[in-house]
Novice: 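One structure, pasted below without further comment.
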Amino acid sequence: MSLSKFQIAKRIAQELQDGYYVNLGIGIPTLIANYIPENISVVLQSENGLLGMGPFPFKENVDSDLINAGKETITTLKGSALFSSAESFAMIRSGRVDLTVLGAMEVAQNGDIANWKIPGKMVKGMGGAMDLVASAKNIIVAMMHTNKKGQSKLLPNCSLPLTGQHCIKKIVTNLAVIEIVDSKFLLKEYAPGVSIEQIIDSTAGELIVADNVCQMKID
Amino acid sequence: MKKVYKNAEQAIFDVEDNSTIMLGGFGLCGIPENLISALVKRGTRGLTCISNNAGVDDFGIGLLLKTKQVRKMISSYVGENAEFERQLLNNELEVELIPQGTLAERCRAAGAGIPAFYTPSGVGTEIAQNKEKRIFDGKTFILETAFKSDFAFIKAWKGDTLGNLVYKGTARNFNPMMATAGKITIVEVEHLVEVGELDPNEIHTPNIYVNRIFEGQNYEKRIEKITTQ
């Protein structure tokens with residue numbers, strides 16, 4: 001069985017470390033906030049201008065002046081700080097965000113990522129993604145291994161317009177945990193019930209199986 | 001000099017066709033609702049709008065798109081607006097999409113007397129095409145220029161009659177930089193107070209940047225995605 005999007009989020013939550021400042025993109029990455037280990041403290045950065053993003057509000061506390069980058073209503077926490085968009089991206093560009101997790105349409109084996117445009121079809125824009133991938137110290141991509149047509153999203157080269165180049169180091173999909181080493185995909189973990197052959201078949205780029213490959217630990 | 005105006009209609013008396021206008025806000029949060037409505041009513045056309053987003057079909061900048069008053073949008077993300085996408089795919093609307101941090105910094109630079117700056121955002125992508133590149137400490141950067149705009153339309157929470165501003169929550173977003181960047185900066189506030197009522201320690205935008213201010217009315221403050229526990 002491949003992982004659900006909740007299990008992908010759970011697996012990525014294991015990468016969090018005490019004291020991390022983390023930016024979570026829209027979609028699967030947002031779910032990671034629900035699985036932060038209780039024994040560590042991390043600060044969530046929302047690029048529209050908040051450090052210390054809290055959970056969704058109770059119905060009676062909804063505030064139209066308090067939203068996250070996905071335009072959802074949120075709350076502040078003790079110790080939260082509010083600031084402008086210029087300040088927000090100053091933090092991002094200067095490398096103070098320890099970990100960025102975002103979704104992707106395509107990732108190439110050289111670490112290129114495409115997630116903002118399908119020429120002639122989808123015109124939405126890159127939002128903050130280009131700034132985040134250009135500057136974050138550590139970026140994890142959270143995505144399904146294949147697209148809706150069943151085609152691999154892990155490619156020799158991206159076919160869509162790039163969001164950033166040579167910037168992705170780790171990918172967590174519904175099938176596997178994959179690192180990018182020397183411009184190749186390196187299979188580190190497979191999802192419970194998923195065979196290595198299945199992962200190889202679903203990966204269009206060059207995939208090396210790590211010597212110490214193991215099964216993902218998801219409770 | 002008197003900066004206080006009675007309402008949005010009066011505050012935009014000299015906004016002409018083909019103006020370039022910055023509009024604060026992220027999604028529908030912190031947008032200048034009264035100024036947008038007044039602009040719809042005024043019927044000013046051929047506008048270039050610099051704003052992170054383009055509103056939704058029936059609110060925010062979406063209202064100006066519906067009436068075809070916008071010639072060009074400069075934004076980072078425009079995904080919530082079907083009318084926008086229709087006009088774009090039919091070549092009725094010109095669009096420049098730029099990274100959000102670059103958008104913010106181009107506003108900041110405009111208000112800070114900085115004509116251009118180098119940023120890593122967009123290196124190796126189509127954003128970098130035809131832009132000057134330079135390597136600092138082994139990393140490639142591209143040159144981006146400050147925006148030029150005729151007007152900045154700003155929404156603040158509180159303001160005094162001199163133009164000192166305080167924003168609330170994440171409604172701050174692009175408003176502080178844009179407030180510094182307009183040739184003429186027009187501000188609507190939820191609460192207009194007398195000089196002396198705001199604590200000087202807590203001013204977000206100092207009054208020197210503000211040309212006109214008024215107390216807005218009938219704030220809708222619509223929420224795009226109400227999410228609760």
Side-chain angles (χ1 to χ4, degrees), chain A residues 26 30 46-50 53 55-76 82-93 112 114 116-117 119-135 161-167, chain B residues 24 26-30 52-54 75-80 84-85 88-89 95 97-105 107-109 111 119-127 139-141 157 167-178 204 219-229:
Chain A
I26 295 162
T30 306
S46 188
E47 68 264 26
N48 55 320
L50 171 63
M53 180 167 59
F56 295 138
F58 290 106
K59 211 172 166 186
E60 59 273 23
N61 296 328
V62 165
D63 180 353
S64 56
D65 289 327
L66 214 48
I67 62 167
N68 64 17
K71 284 118 184 171
E72 299 167 319
T73 46
I74 44 146
T75 53
T76 53
L82 293 152
F83 38 84
S84 74
S85 302
E87 178 113 47
S88 177
F89 284 93
M91 294 170 193
I92 289 166
R93 280 192 308 266
D112 289 357
W116 73 281
K117 183 180 183 182
K121 271 193 192 165
M122 190 200 80
V123 195
K124 290 186 190 300
M126 67 294 280
M130 280 193 186
D131 307 278
L132 283 159
V133 301
S135 300
L162 294 188
T163 307
Q165 60 177 182
H166 314 312
C167 52
Chain B
F26 183 97
L28 301 178
C29 183
N52 188 54
N53 312 93
S75 304
S76 86
Y77 187 82
V78 292
E80 325 292 345
F84 179 96
E85 207 153 343
L88 179 60
L89 293 171
V95 178
L97 291 169
I98 57 182
Q100 198 172 128
T102 300
L103 182 75
E105 196 64 12
C107 295
R108 200 196 72 81
T119 177
S121 305
V123 169
T125 76
E126 63 182 50
I127 296 303
K139 186 170 172 173
T140 305
F141 295 78
W157 178 40
Y167 307 96
K168 181 166 165 272
T170 55
R172 190 180 319 186
N173 56 64
F174 285 82
N175 282 297
M177 297 83 73
M178 289 184 173
H204 294 136
Y219 277 106
E220 202 173 319
K221 296 177 72 171
R222 211 186 279 187
I223 299 173
E224 269 177 79
K225 294 173 190 165
I226 299 176
T227 41
T228 55
Q229 290 192 31

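Every chain is numbered from 1 and lettered A, B, ... according to where its sequence line falls, protein lines coming before strand lines.
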Novice: Can you tell which part of B:Ile223 gets under 4.5 Å to a heavy atom of chain A, answering side chain, backbone, both or neither?
Specialist: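 Side chain only.
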Novice: How long is the straight-line distance from OG of A:Ser84 back to CZ of B:Phe174, given to the nearest 0.5 Å?
Specialist: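 So the gap between those two atoms works out to 9.0 Å.
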Novice: Which bit of A:Thr163 is near chain B, if near means a heavy-atom gap under 4.5 Å: side chain, backbone, both or neither?
Specialist: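 For A:Thr163, the contact with chain B is made by the backbone alone.
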Novice: Using only atom types and a distance under 3.5 Å, with no angle test, would you say the side chain of B:Glu224 pairs donor to acceptor with the backbone of B:Leu28?
Specialist: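 The answer is yes, because a donor-acceptor pair under 3.5 Å joins these two groups.
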Novice: Only counting residues at least two apart or in another chain, list the ones meeting ring-ring contact (aromatic ring centres under 6.0 Å, His included) with B:Phe26.
Specialist: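 For B:Phe26, no residue satisfies ring-ring contact (aromatic ring centres under 6.0 Å, His included) once neighbours in sequence are set aside.
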Novice: Between B:Thr170 and A:Asp65, is there a donor-acceptor pair closer than 3.5 Å when you use the side chain of the first and the backbone of the second?
Specialist: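 Yes; at least one donor-acceptor contact below 3.5 Å.
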Novice: If I measure from the heavy atoms of chain B, does A:Phe89 come under 4.5 Å with its side chain, its backbone, both, or neither?
Specialist: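 Only the side chain of A:Phe89 comes within 4.5 Å of chain B.
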Novice: Which atoms of B:Pro176 come close to chain A, meaning under 4.5 Å heavy atom to heavy atom: side chain ones, backbone ones, both, or neither?
Specialist: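 The side chain, not the backbone.
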Novice: Kindly indicate whether the side chain of A:Asp131, heavy atoms from C-beta on, has any atom under 4.5 Å from the side chain of A:Met126.
Specialist: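 Not in contact.
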Novice: Counting heavy-atom pairs under 4.5 Å with chain B, which one of A:Ala134, A:Pro57, A:Ala90, A:Ser135 comes out on top?
Specialist: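 Looking at each of A:Ala134, A:Pro57, A:Ala90, A:Ser135 in turn, A:Pro57 comes out on top.
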Novice: Closer than 4.0 angstrom, basic N to acidic O: yes or no for A:Asp63 and B:Lys168?
Specialist: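 Yes, charged N to carboxylate O under 4.0 Å.
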Novice: At a 4.5 Å cut-off on heavy atoms, which part of A:Ala69 comes close to chain B: side chain, backbone, both, or neither?
Specialist: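 A:Ala69 touches chain B through backbone and side-chain heavy atoms alike.
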Novice: Side chain, backbone, both or neither: which part of A:Glu87 has a non-hydrogen atom closer than 4.5 Å to chain B?
Specialist: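 A:Glu87 has no heavy atom closer than 4.5 Å to chain B.
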Novice: Go through the structure and list residues passing ring-ring contact (aromatic ring centres under 6.0 Å, His included) with A:Phe83, not counting sequence neighbours.
Specialist: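 In terms of ring-ring contact (aromatic ring centres under 6.0 Å, His included), with neighbours along the sequence ignored, A:Phe83 is linked to no residue.
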Novice: When rounded to the nearest 0.5 angstrom, what distance separates CD in B:Gln229 from CZ in A:Phe56?
Specialist: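 Rounded to the nearest 0.5 Å, the CD-CZ separation comes to 9.0 Å.
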Novice: State the CE-CD1 distance between A:Met130 and B:Ile98, to the nearest 0.5 angstrom.
Specialist: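 A:Met130 CE to B:Ile98 CD1: 11.0 Å, rounded to 0.5 Å.
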Novice: With a 4.5 Å cut-off on heavy-atom pairs, point out which of A:Ile74, A:Leu66, A:Asn48, A:Leu50 contacts chain B the most.
Specialist: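 So the answer, after comparing A:Ile74, A:Leu66, A:Asn48, A:Leu50, is A:Asn48.
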Novice: Side chain, backbone, both or neither: which part of A:Asn68 has a non-hydrogen atom closer than 4.5 Å to chain B?
Specialist: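 Only the backbone of A:Asn68 comes within 4.5 Å of chain B.
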Novice: Answer with side chain, backbone, both or neither: which region of A:Lys121 has an atom nearer than 4.5 Å to a non-hydrogen atom of chain B?
Specialist: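 Interface part for A:Lys121: backbone (N, CA, C, O).
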Novice: What part of B:Asn52 gets within 4.5 angstrom of chain A, counting heavy atoms only: side chain, backbone, both, or neither?
Specialist: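 For B:Asn52, neither part sits under 4.5 Å from chain A.
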Novice: Flag the one option from A:Val133, A:Thr73, A:Thr75, A:Leu162 with the top tally of heavy-atom pairs under 4.5 Å to chain B.
Specialist: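 When all of A:Val133, A:Thr73, A:Thr75, A:Leu162 are compared, A:Thr73 has the most.
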Novice: Relative to chain A, which of B:Ser121, B:Gly124, B:Pro120, B:Ala171 shows the most heavy atom pairs under 4.5 Å?
Specialist: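 Winner by heavy-atom pair count: B:Ser121.
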Novice: Report the distance from atom SG of B:Cys29 to atom CZ of B:Arg222, rounding to the nearest 0.5 Å.
Specialist: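 The distance works out to 14.0 Å.
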Novice: Check whether B:Leu103 gets within reach of chain A through its side chain, its backbone, both or neither, counting any heavy atom under 4.5 Å.
Specialist: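 Contact with chain A is absent: no heavy atom of B:Leu103 under 4.5 Å.
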Novice: Let me know if B:Thr102 has heavy atoms under 4.5 Å from chain A in its side chain, its backbone, both or neither.
Specialist: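 Interface part for B:Thr102: both.
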